[in-house]
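To start, the structure itself, in structure tokens.
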Amino acid sequence: MLQTQQVRLVPCAEKHVALLAELGASTFEEAFSQTHPAKDLQQYIQETYQLEAIKGNLKKSNVQYAVAYFDFQDAGYVKLIKDSNIDGLIGKALELEKIYVRSQFKGKKVGAALMQYVINEAVKNGYSWLSLGVWQENKTAIAFYEKFGFKTISTRKFKLGQTECDDFIMVKDLRN
Ligand SMILES: CC(C)(COP(=O)(O)OP(=O)(O)OC[C@H]1O[C@@H](n2cnc3c(N)ncnc32)[C@H](O)[C@@H]1OP(=O)(O)O)[C@@H](O)C(=O)NCCC(=O)NCCS
């Protein structure tokens, strides 16, 4: 457990299924409802954040979630994928698959606490890299990642509902 002044990080177990489903769906909708068609969002949310999907993910040995509590209220979360494969990188990469903070908690260092937790986990477990994919138009998130030392190394396609989006692949070097 990592605790900053007001933010507490809790690694997730099965008892967090309902929270992760609600937190995942509502933060995804908040992040993309202004920029993506409602139909695509609904399809993605239905596929990704239903209870059974989260339950299945929690059972996978290569998946890890953690929730951030700000003043005892659930405020954001991360989803990590262990041992992800990134072309051209030498050494193990931990994928930061999702990092989301509820709107009312943005700007209160919840994202920073989540990112610090992820960096600590990666270093503790001998990873050389953190990796992630981010929609190329998500300037807020890209600025946040750059602040933490991530650099763009390539691109990929990401399917959101029926729409193909262009993502950047960004990595953070943890070797020094
Ligand atoms: C990106 C996100 C996780 C950042 O979380 P947050 O709690 O708002 O960020 P924090 O308050 O912890 O800010 C940490 C640092 O990043 C900086 N930062 C945050 N947003 C920023 C932005 N839009 N531009 C530049 N810097 C930014 C802060 O200024 C702060 O720097 P400081 O310590 O020097 O003051 C949050 O905005 C979010 O959930 N966005 C929507 C979901 C999303 O897009 N997720 C990524 C999908 S790939």
Side-chain angles (χ1 to χ4, degrees), residues 1-12 16 19-38 40-45 47-49 53-54 57 63-82 84 86 93-122 129-161 163-172:
M1 195 181 297
L2 176 79
Q3 188 152 9
T4 60
Q5 202 175 10
Q6 289 163 308
V7 186
R8 191 169 60 101
L9 268 289
V10 177
C12 295
H16 296 103
L19 169 61
L20 286 171
E22 183 279 321
L23 189 51
S26 55
T27 53
F28 192 82
E29 194 163 12
E30 281 170 0
F32 298 115
S33 61
Q34 301 301 312
T35 51
H36 289 76
D40 284 341
L41 287 192
Q42 277 158 19
Q43 184 181 338
Y44 186 83
I45 286 171
E47 289 164 1
T48 312
Y49 300 109
I54 305 286
N57 286 339
V63 173
Q64 190 190 333
Y65 289 92
V67 168
Y69 292 85
F70 183 91
D71 281 347
F72 305 102
Q73 301 169 77
D74 47 85
Y77 78 104
V78 284
K79 180 184 177 195
L80 302 175
I81 312 280
K82 296 174 191 168
S84 92
I86 304 287
L94 178 65
E95 182 181 352
L96 173 52
E97 202 210 47
K98 297 192 188 300
I99 178 165
Y100 285 84
V101 173
R102 290 193 198 275
S103 288
Q104 68 266 38
F105 294 101
K106 281 182 190 164
K108 295 178 187 291
K109 310 281 186 209
V110 174
L114 284 162
M115 185 62 86
Q116 196 54 56
Y117 170 83
V118 172
I119 293 167
N120 292 351
E121 283 296 294
W129 303 92
L130 274 177
S131 70
L132 58 85
V134 56
W135 182 37
Q136 293 182 14
E137 300 305 318
N138 191 348
K139 309 291 182 208
T140 306
I142 292 168
F144 172 79
Y145 296 140
E146 285 174 342
K147 190 158 187 86
F148 282 90
F150 283 82
K151 294 190 170 28
T152 299
I153 55 159
S154 57
T155 60
R156 71 164 187 202
K157 298 282 182 193
F158 178 81
K159 191 109 187 274
L160 203 167
T163 307
E164 277 216 327
C165 303
D166 290 306
D167 278 9
F168 287 128
I169 304 282
M170 300 183 80
V171 297
K172 177 178 168 62

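Every number for a ligand or one of its atoms is a count from 1 in the order of the listing. Start at 1 with the first residue, then count along the sequence.
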Checklist entry - Rounded to the nearest 0.5 Å, what separation is found between the OG1 atom of T27 and the CZ atom of F32? => result 9.5 Å
Checklist entry - How does M115 reach ligand 1, by side chain, by backbone, by both or by neither, if only non-hydrogen atoms under 4.0 Å count? => result neither
Next on the checklist: Around atom CD of E29, are there more than 12 heavy atoms from other residues, nucleotides or ligands closer than 6.0 Å?
Outcome noted: no
Checklist entry - Taking atom CD of E121 and atom CG of L80, what is their separation to the nearest 0.5 Å? => result 7.5 Å
Checklist entry - Between OH of Y145 and CE of M115, what distance do you get to the nearest 0.5 Å? => result 6.0 Å
Checklist entry - Judged by atom type as modelled, is there a donor-acceptor pair below 3.5 Å linking the side chain of R102 to the main-chain atoms of D74? => result yes
Checklist entry - Any idea which part of N138 is under 4.0 Å from ligand 1, heavy-atom wise: side chain, backbone, both or neither? => result side chain
Checklist outcome for this item: Counting from 1 in the order shown, the ligand 1 atoms closer than 4.0 Å to a non-hydrogen atom of A112 are 12 (O), 14 (C)
Checklist entry - N/O to N/O below 3.5 Å, does that happen between V101 and ligand 1? => result yes
Checklist entry - Identify the closest protein heavy atom to atom 40 (N) of ligand 1: which residue and atom is it, and at what distance? => result K106 CE, 3.6 Å
Checklist entry - Do K109 and ligand 1 have an N or O pair less than 3.5 Å apart? => result yes
Item to check | Heavy-atom donor-acceptor pair, E95 side chain to S84 backbone, under 3.5 Å | outcome: no
Checklist entry - Which atoms of ligand 1 have any heavy atom of A143 under 4.0 Å away? => result 24 (N), 25 (C)
Checklist entry - With a 4.0 Å heavy-atom cut-off (strictly under), which part of K147 contacts ligand 1: side chain, backbone, both or neither? => result side chain
Next on the checklist: Other residues, nucleotides and ligands only: do more than 12 of their heavy atoms fall within 6.0 Å of NZ on K106?
Outcome noted: yes
Checklist entry - Do ligand 1 and I99 have nitrogen or oxygen atoms that lie under 3.5 Å from each other? => result yes
Next on the checklist: Under 4.0 Å, counting heavy atoms only: does W135 come that close to any atom of ligand 1?
Outcome noted: no
Checklist entry - Any idea which of L132, V134, T140 brings a heavy atom closest to atom 22 (C) of ligand 1? => result T140
Checklist entry - Only one of L132, T48, V78 clears side-chain contact (heavy atoms from CB on, under 4.5 Å) with K98; which? => result T48
Next on the checklist: For atom 19 (C) of ligand 1, what is the closest protein heavy atom, and at what distance to 0.1 Å?
Outcome noted: F144 CD1, 4.0 Å
Item to check | Atom pair CD (Q6) and CZ (F105), whose distance is rounded to the nearest 0.5 Å | outcome: 10.5 Å
Checklist entry - Which atoms of ligand 1 sit under 4.0 Å from any heavy atom of K108? => result 11 (O)
Checklist entry - Is there a protein heavy atom at a distance of less than 4.0 Å from atom 38 (C) of ligand 1? => result yes
Next on the checklist: For D167, is there any backbone N or O sitting under 3.5 Å from a side-chain donor or acceptor partner on Q136?
Outcome noted: yes
Checklist entry - In the protein, which heavy atom is nearest to atom 42 (C) of ligand 1, and how far is it? => result Y100 CD2, 3.3 Å
Checklist entry - Got a second to check how far T155's OG1 is from I169's CD1, nearest 0.5 Å? => result 8.0 Å
Checklist entry - Which of the atoms in ligand 1, numbered in the order shown and given with their element, are less than 4.0 Å from a heavy-atom of Y145? => result 46 (C), 47 (C), 48 (S)
Item to check | Numbered atoms and elements of ligand 1 in range of G111, under 4.0 angstrom, heavy atoms | outcome: 5 (O), 6 (P), 7 (O), 12 (O)
Checklist entry - Taking N or O atoms only and a 3.5 Å limit, does G107 qualify as a polar contact for ligand 1? => result yes
Checklist outcome for this item: The single option from Y44, F28, W135 that satisfies ring-ring contact (aromatic ring centres under 6.0 Å, His included) with H36 is W135
Checklist outcome for this item: Any heavy atom of F158 under 4.0 Å from ligand 1? The part involved is neither
Checklist entry - Under 4.0 angstrom from atom 33 (O) of ligand 1, is there any protein heavy atom? => result yes
